[in-house]
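Below you'll find the structure, written out as structure tokens, and then a few comments.
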There are 2 protein chains.
Amino acid sequence: MQHTELKVGELARRTGLSVRALHHYDEIGLLKPSAHTASGHRLYTAEDIARLSHILSLKQLGFSLEEIAETLGRADFSALRVVELRLQRAREQLAEQRQLCDRLDSLARLLRAAEPVSADDFLQTIEAMTMFEKYYTPEQLKELEARRQAMGDDAIKEVQAEWPRLIASMREEMEKGTDPASEPVRALATRWRELVRAFTGGNPGMEKSLQTLHQQEPQVAQRQGRDPKLTEYVGRAMACLDAPK
Amino acid sequence: MQHTELKVGELARRTGLSVRALHHYDEIGLLKPSAHTASGHRLYTAEDIARLSHILSLKQLGFSLEEIAETLGRADFSALRVVELRLQRAREQLAEQRQLCDRLDSLARLLRAAEPVSADDFLQTIEAMTMFEKYYTPEQLKELEARRQAMGDDAIKEVQAEWPRLIASMREEMEKGTDPASEPVRALATRWRELVRAFTGGNPGMEKSLQTLHQQEPQVAQRQGRDPKLTEYVGRAMACLDAPK
DNA sequence: GGTACAACCTCACGTCGCGTGAGGTTCAAG
DNA sequence: CTTGAACCTCACGCGACGTGAGGTTGTACC
């Protein structure tokens, strides 16, 4: 009754691995059972099981099967170095995961703040985010996020709704040929500046990044119904605001 | 000179993708160029490029190519739901990554505290960690980690060196047949209890977990040179400590 | 027109850690 | 002697391409 040797099924049951996995380990030479029955059934000895437990330990630490084989193969390796290398990799992956979560989280919040969005809006939003990540520093992005949090979803919704109206009004004046220094345009320009300030927080670095974005990626502005002509018109209106009446 | 259409190489260069990747997208039907030259070279139109930019956006959010194809295929999907599902997945993966990093970090610290370790020590340490994670609650693990931090590497080193000596001394007394109530054994038992207390912090929950671990996994104790007989001897010595002289 | 050489094309296999059959043999119990 | 569970050996599939192999096309220069 000396059942010290186990068959695959038994071993699989005890370790939680699949039979196929054990077959695989055998195939790649990671864990070859030291005995077989006459008919070819695998028999795992106590030693094999000990080796397997080492394998599982290393697997839990995220090592690949190849690395595990190598590690168990030679006894002269530096454990600390191996672990530190693996830790470094894990840290990098952790940072990536964090970034991904942040992105998804921001996006989810933006979507919750918006009206039910069309597929096109959705993709536009993602692209806008990508642009942001390209032109703003991580610190600036954090600041923006903080301001968004502080404003709350409803306020964001309002601003998002106001922009198209404001742009449309401005375009109307431009097409009517209204003087940028005139009172109605001054009012629009003032509001325009307020909204931009609300976004940049009056931070000059932030304003610069926003400008760069618009210069390098004109299609972003165009999607919002703005074009170079309108931008120039707004620019003139802003200049008039600064100049005394 | 209307070069609005791009060849693969050009497009690859501009997007940072590989030519092979674009071929792949073509193969699986994710992005089929809308035109070809007479000789079969792929020509990507502005529309194709727009689609590709959508693809890359979604890819950046961690969606699989299949999911991307599906998402771009129908316009009636709920953007928020899709993103929230993806976010959930990402959060789970993040938690796993965190755990992995913690494990590796603890291990690295343990290894730094220890003398240059043999392969066997290394594997034993990992297995001990696995046991710990199995028998202690996450809060208990945190507490242990905090205590380790507070002790510092050198103190840990000392304790790790003292245990084998203490166990050896105790075994010696047992084999000599010394009375567990005798003075030398009382001294050893006192130190034994101190070391255990230093580990458990006097926390009864922690002591219980430790006991469970030793009961369920006797091989852990055995590796340290302890066996049931020694455990029983120590138990008697402890009882004598509590009883008045 | 010829001759490089870069850029393009289409197969087609390799990666990693197994899952999932297919199709056949062996074991243990009734 | 049968039955059903457990075992065996192939061998393909996944996901997102990398990496050649081997051949054609495009472009520049002589």
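As the structure is a prediction and not an experimental result, all values here were calculated from the model. Chain A is the first sequence line, chain B the second, and so forth, proteins listed ahead of strands; every chain is numbered from 1.
- Residue order along DNA chain D, read from the 5' end via each residue's closest nucleotide, puts A:Gly40 first among A:Gly40 and B:Glu27.
- For C:dC18, the OP1/OP2 oxygens have no side-chain nitrogen or oxygen of A:Ser18 closer than 4.0 Å.
- Across all strands shown, B:Val19 has no heavy atoms under 4.0 Å from either base or sugar-phosphate atoms.
- In this structure the side chain of A:Leu195 never reaches within 4.5 angstrom of the side chain of A:Phe199, judged on heavy atoms.
- Look at A:Lys59 and you'll find a side-chain N or O under 4.0 angstrom from OP1 or OP2 of C:dC18.
- Nucleotide C:dC8 holds its P atom 10 Å from the OH atom of B:Tyr44, rounded to whole Å.
- If you measure from atom CG of B:Leu22 to atom P of C:dC8, you get 10 Å, rounded to the nearest angstrom.
- Using a 4.0 Å cut-off between a side-chain N of Lys or Arg and a carboxylate O of Asp or Glu, B:Glu84 and B:Arg81 do not qualify as a salt bridge.
- Side-chain contact check for B:Leu30 versus B:Arg51: some heavy-atom pair is nearer than 4.5 Å.
- In this entry the distance linking CZ of B:Arg13 with C1' of C:dC8 reads 16 Å, nearest Å.
- No side-chain donor-acceptor contact under 3.5 Å links A:Arg91 to the backbone of A:Arg86.
- Protein chain B touches strand DNA chain D; the 5'-most and 3'-most nucleotides with an atom under 4.0 angstrom of its non-hydrogen atoms are D:dA16 to D:dG26.
- At least one side-chain heavy atom of B:Ser34 sits under 4.5 Å from a side-chain heavy atom of B:Thr45.
- Remark: side-chain polar atoms of A:Lys32 are paired, donor with acceptor, to backbone N or O of A:Asp26 under 3.5 angstrom.
- The terminal axes of the helix from C:dG1-D:dC30 to C:dG30-D:dC1, fitted over 5 pairs per end, subtend an angle of 20° to the nearest 10°.
- Side-chain contact between A:Glu96 and B:Gln97: absent, with no pair of heavy atoms (C-beta onward) separated by less than 4.5 Å.
- Few gaps surround CD on A:Glu10; more than 12 heavy atoms of other groups in view lie less than 6.0 Å from it.
- A heavy-atom distance below 4.5 Å is found between the side chains of B:Leu144 and B:Met206.
- In this structure, CZ of B:Arg20 is placed 13 Å from C1' of C:dT15, rounded to the nearest angstrom.
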I'd like a list of close polar pairs between nucleotides 27-30 of chain C and the protein, N/O only, cut-off under 3.5 Å.
from: C:dC27; atom 1: OP1; to: A:Ser39; atom 2: OG; distance (Å): 3.0

A:Leu123 and B:Leu72: CA distance, side-chain angles, deciding distance, side chain to side chain contact (heavy atoms under 4.5 Å, CB included) verdict
CA-CA 9 Å; A:Leu123 293 167; B:Leu72 292 180; 3.8 Å; yes
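- Applying the side-chain contact (heavy atoms from CB on, under 4.5 Å) test between A:Leu17 and each of A:Leu22, A:Leu11, A:Ile55 identifies A:Leu22 as the sole match.
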